[in-house]
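Written below as structure tokens is the structure these notes are about.
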Amino acid sequence: MKSNKVLITGGAGFIGSNYVSYVLEKTQDEIFVLDKLTYAGDMRNLEAISHLNNYHFIKGDICDESFVHQMFLDHQFDKVVHFAAESHVDNSISGPGAFIQTNIVGTFNLLHAAYKTWMEGPNQLKEAFVHARFLHVSTDEVYGTLGETGLFTETTPYAPNSPYSASKASSDFIVRSYFHTYAMPVVTTNCSNNYGPNQHKEKLIPTIIRKAISGAPIPIYGDGQNIRDWLYVKDHCIGIKLALDKGELGETYNIGGRNERKNLYIAHTICELLDDLKPKEGSYKDQISFVTDRPGHDFRYAIDASKIEGDLAWKADENFESGILKTIEWYLNNTERL
């Protein structure tokens with residue numbers, strides 16, 4: 001059986017690099033990692049697998065249409081797992097243009113290059129690409145915000161509230177259109193908040209750890225009551241691979257950890273674990289500081305993962321308390337990443 005040629009975009013980033021490591025453990029596929037190596041991409045994330053013969057790295061920008069089309073022409077990928085995205089909400093508020101370019105235009109470039117490579121025309125897959133798949137990785141933020149109750153399902157109406165989530169919603173719709181118009185073999189996943197090894201230091205959990213061990217104030221937006229559903233990155237990677245291999249074409253699968261936690265609880269839990277793992281005089285909790293809330297800060301996200309649990313037999317292995325311990329231990333062993 002011939003191995004697949006898999007393009008993984010954004011593979012030097014947080015979730016992408018964890019996925020690259022996971023699939024190289026599990027398959028003999030030829031893995032091509034594409035990354036622009038902006039501030040969010042880090043080659044250190046790929047060091048452990050860089051010696052493997054079936055791993056290849058390509059530096060490039062998905063916004064460069066001619067480059068993307070030439071790359072597909074040269075390598076004839078039959079699988080695409082699309083992580084590459086601008087993803088930091090605060091950055092989308094201060095500089096939304098990059099989010100429109102990367103998340104919308106970049107996704108279109110990839111989709112259209114795959115379409116030209118895999119298909120003769122609408123509803124006509126080339127014989128060599130009958131098993132081709134394009135997996136688009138998205139976010140639960142496209143659904144907007146929840147009140148005290150309820151869960152996001154795959155049929156929840158889109159209501160994005162930040163430039164970031166609006167750009168991801170747009171990319172989801174473009175992917176959907178390629179299925180309904182051309183019968184492109186696409187699958188979309190929408191995930192809840194990820195955490196774990198390799199996460200960029202700008203994100204909430206690495207920021208709490210960094211500020212704590214440096215003795216600086218630990219900034220928490222507003223009153224810390226905003227709620228997120230937390231998903232350990234390895235669990236997410238397993239779900240993505242299942243959706244790529246076994247997901248129904250044209251379908252969306254929500255991947256969530258069923259681990260709703262308030263931001264203040266996150267900070268308290270990390271501080272309590274650091275009190276044990278890296279004790280100092282007094283508690284790290286004393287450093288928690290409340291700061292002006294983010295504009296348009298969504299109150300609560302929570303995913304109903306019943307569809308992927310039922311259809312693809314996926315289940316998160318980690319709860320937040322087990323996953324956060326592994327995460328803190330990783331950062332304490334890799335403090336240069338903070």
Side-chain angles (χ1 to χ4, degrees), residues 14-15 87-94 139-141 143-152 161-162 164-165 191-197 199-233 235-236 256-305 316 318-332 335 337-338:
F14 164 43
I15 307 175
S87 66
H88 193 45
V89 176
D90 287 350
N91 291 348
S92 82
I93 294 168
S94 60
T139 172
D140 60 357
E141 296 190 41
Y143 300 121
T145 186
L146 291 166
E148 297 281 355
T149 60
L151 298 169
F152 295 135
N161 290 322
S162 70
Y164 161 59
S165 57
C191 68
S192 57
N193 280 40
N194 279 226
Y195 68 102
Q199 189 165 28
H200 192 273
K201 63 182 181 181
E202 72 188 0
K203 299 291 188 171
L204 177 67
I205 286 173
T207 294
I208 293 172
I209 299 168
R210 180 179 71 256
K211 297 289 189 180
I213 64 177
S214 69
I218 299 169
I220 300 297
Y221 280 133
D223 58 5
Q225 298 305 298
N226 298 74
I227 297 168
R228 298 293 182 263
D229 174 16
W230 290 92
L231 176 64
Y232 190 65
V233 66
D235 286 330
H236 186 198
R258 298 190 185 273
N259 283 290
E260 290 184 57
R261 302 291 188 272
K262 294 180 178 178
N263 287 351
L264 188 57
Y265 174 87
I266 302 296
H268 282 167
T269 300
I270 292 171
C271 289
E272 288 166 6
L273 288 168
L274 285 172
D275 286 341
D276 290 336
L277 295 168
K278 193 176 175 65
K280 67 177 183 101
E281 189 174 337
S283 173
Y284 288 97
K285 287 183 186 177
D286 297 337
Q287 295 167 229
I288 292 174
S289 172
F290 297 98
V291 300
T292 302
D293 207 356
R294 165 193 289 160
H297 196 178
D298 289 337
F299 172 65
R300 174 174 168 261
Y301 305 145
I303 272 182
D304 181 350
E318 303 289 347
N319 61 35
F320 180 76
E321 287 67 30
S322 65
I324 196 64
L325 177 59
K326 291 180 178 180
T327 302
I328 293 170
E329 289 174 338
W330 186 86
Y331 278 108
L332 290 179
T335 53
R337 307 299 293 277
L338 291 166

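The model shown is predicted, which means the values in this text are computed figures rather than measured ones.
Side chains of Ile270 and Thr327 form no contact here, defined as non-hydrogen atoms less than 4.5 Å apart. Two residues are said to be in side-chain contact when any heavy atoms from C-beta on lie closer than 4.5 Å; Glu141 and Val89 meet this criterion. Side-chain contact check for Phe152 versus Asp229: every heavy-atom pair is 4.5 Å or farther apart. Between Ser192 and Trp230 there is no side-chain heavy-atom pair separated by less than 4.5 Å. Counting only heavy atoms from C-beta outward, the side chains of Thr269 and Arg261 never approach each other to under 4.5 Å. Side-chain contact between Thr139 and Tyr164 is present, with heavy atoms from C-beta onward closer than 4.5 Å. The side-chain heavy atoms of Ile208 and Gln287, taken from C-beta on, include no pair separated by under 4.5 Å. Inter-residue side-chain proximity for Tyr195 and Asn259 is flagged as unmet; no heavy-atom pair is nearer than 4.5 Å.
The minimum heavy-atom distance linking Gln225 with Phe299 is given by the pair O-CE1, 3.6 Å. Between Gly144 and Asn161, the closest heavy-atom pair is CA-ND2, 3.8 Å. Residue Leu231 comes nearest to Cys191 through the heavy atom pair CD2-CB, 4.2 Å, listed as atom of the first residue, atom of the second, then distance. Pro219 approaches Val291 most closely through the heavy-atom pair CB-CG1, 3.9 Å. Heavy atoms only, all atoms of each residue included: His200 and Pro206 are closest at O-CG, 3.5 Å. Between Leu146 and Ala302 the shortest heavy-atom distance is CD1-N, 3.5 Å.
In this structure, the separation between CD1 on Ile213 and CG on Leu332 is 6.0 Å, given to the nearest 0.5 Å. With rounding to the nearest 0.5 Å, the separation of CZ in Arg294 from CD1 in Ile93 is 6.0 Å. Interatomic distance, CG of Leu274 versus CD1 of Ile218, reported as 8.0 Å (0.5 Å rounding). Here the straight-line distance linking atom CD1 of Ile220 with atom CG of Leu204 works out to 5.5 Å at 0.5 Å rounding. Rounding to the nearest 0.5 Å places CD1 of Ile209 at 5.5 Å from CD1 of Ile324. Summarising the geometry, atom CD1 belonging to Ile227 is positioned 11.5 Å from atom CG belonging to Leu264; distances are rounded to the nearest 0.5 Å.
For the residue pair Asn319 and Ser322, a side-chain donor N or O sits within less than 3.5 Å of a side-chain acceptor on the partner.
Remark: Lys201 engages no residue in a side-chain hydrogen bond (donor to acceptor under 3.5 Å, both in side chains) (not counting sequence neighbours).
Listed for the Arg300 side chain is a donor-acceptor partner under 3.5 Å among the backbone atoms of Gly150. Although no hydrogens or angles enter the test, the distance criterion places a donor-acceptor pair under 3.5 Å between the side chain of Ser214 and the main chain of Lys211.
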| Trace of the side-chain contact (heavy atoms from CB on, under 4.5 Å) decision for Glu202 with Asn91 | CA-CA 10 Å; Glu202 72 188 0; Asn91 291 348; 3.6 Å; yes
| query | side-chain contact (heavy atoms from CB on, under 4.5 Å) between Glu318 and Lys326: does it pass, once the steps are laid out? | reply | CA-CA 10 Å; Glu318 303 289 347; Lys326 291 180 178 180; 2.4 Å; yes
| Steps toward side-chain contact (heavy atoms from CB on, under 4.5 Å) verdict (Phe14, Gln199) | CA-CA 5 Å; Phe14 164 43; Gln199 189 165 28; 3.7 Å; yes
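For residues 260-291, the set of pairs meeting the ring pair (Phe, Tyr, Trp, His ring centres under 6.0 Å) definition, not counting sequence neighbours, is empty.
Using a 4.0 Å cut-off between charged nitrogen and carboxylate oxygen, Asp275 and Lys280 do not count as a salt-bridge pair.
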